[in-house]
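Since the structure comes first, as structure tokens, the remarks are kept for the end.
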Amino acid sequence: MPQNPPQSLGKKIKTFFRKREAFRLLRKYHSENLSIEDRTSWAMNFGGSGPFKIKTIQKPSEITALAHAVAELKPKVILEIGTAKGGTLLIWSSIATDRVITCDISDMSVQADLYKSLPPPGSSCKVELLVGDSHSVGFKKRVAETLGDQKVDFLFIDGDHTLQGVTADYNNYREFVRPGGIIAFHDILENQPLEVNQVFHLWKELKKECDTEEFVDDYDQCGYGIGIIRLAS
Ligand SMILES: C[S@@+](CC[C@H](N)C(=O)[O-])C[C@H]1O[C@@H](n2cnc3c(N)ncnc32)[C@H](O)[C@@H]1O
């Protein structure tokens, strides 16, 4: 594992105060009696700064509809490809009862304590962070070892958005999802702000052969759109 370079005293102090502020916000979040709507709103506007900023960029109606669909599953285990700033992780860790395994290619060691503390007080959910390239054979093996003989109730694919990348994630991780579980994709709309957002091409194919549902705020919008596959029981 590559080591992080040593931090200057100034940087250490900055990190200390940023982390303290993020935990203050987390205590406030944990102190409230929140609905799913409230939790998705927190995930979009949690606050914090630097590596301790928690955020997800979503259409509120889309992520809230997804969170409701996931909650209806009463999931024990959630697997997420693409942690980024921990926004959707905040939502999943309030819904899963056993564990959320979240994966990203970027190092998360600085935020690890914060992310592992996201489940609400009293929850038995554990957050596990896996860092690496989700497309690699070795990484898939780590996910398999981490899961052991447990199956995933909900798989959220929100990592590499290229056609090749999202297809690799779907092909790699769908086998871990239990019958009756859900697989979701973010950014399924064709009209996207970035050329590399190519999830639409895969989604178009999946719609032909799977039991799917779309959560789309406005079909004329640019970007976003969530698609889910419900696996047969
Ligand atoms: C759109 S963001 C995820 C957003 C997050 N799910 C949320 O809404 O809060 C995509 C993330 O996928 C990660 N990513 C991209 N390619 C990856 C890969 N090959 N393996 C693992 N993570 C990857 C990026 O580093 C980035 O943090």
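Start at 1 and go down the list; that is how both ligands and their atoms are numbered. Hydrogens, waters and symmetry mates play no part in the numbers below; they use all other heavy atoms, side chains included.
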Discussion item. Quick check on His135 - does any of its heavy atoms sit under 4.0 Å from an atom of ligand 1?
Written reply: yes
Worksheet item: Does any N/O atom on Thr56 come nearer than 3.5 Å to any N/O atom on ligand 1?
Response: yes
Practice prompt. Could you tell me whether Asp104 and ligand 1 have an N or O pair separated by under 3.5 Å?
Written response: yes
Worksheet item: Counting distance only, does the side-chain N/O of Asp153 pair as donor-acceptor with the main-chain N or O of Gly181 below 3.5 Å?
Response: no
Worksheet, complete the sentence: Sequence neighbours excluded, the answer for side-chain contact (heavy atoms from CB on, under 4.5 Å) partners of Glu37 is Ser35, Thr64, His68
Item to complete: Step through it carefully: locate the ring centre of Tyr170, locate the ring centre of Phe185, and say whether they are under 6.0 Å apart.
Response: yes
Worksheet entry | Non-neighbouring partners of Lys151 that pass side chain to side chain donor-acceptor pair (under 3.5 Å), sequence neighbours left out | none
Worksheet item: With a 4.0 Å cut-off on heavy atoms, does Gly165 reach ligand 1?
Response: no
Discussion item. Tell me whether Phe156 has any N or O atom under 3.5 angstrom from an N or O of ligand 1.
Written reply: no
Worksheet item: Any salt bridge between Asp218 and Lys59, counting N to O under 4.0 Å?
Response: no
Worksheet item: Quick check: does Cys103 get an N/O under 3.5 Å from an N/O on ligand 1?
Response: no
Worksheet item: Between Glu80 and Thr88, is any side-chain donor less than 3.5 angstrom from a side-chain acceptor?
Response: yes
Worksheet item: Mind checking whether Gly132 has a heavy atom under 4.0 Å from ligand 1?
Response: yes
Discussion item. Checking contacts here: is it the side chain or the backbone of Thr83 that comes within 4.0 Å of ligand 1, counting heavy atoms only? Could be both or neither.
Written reply: backbone
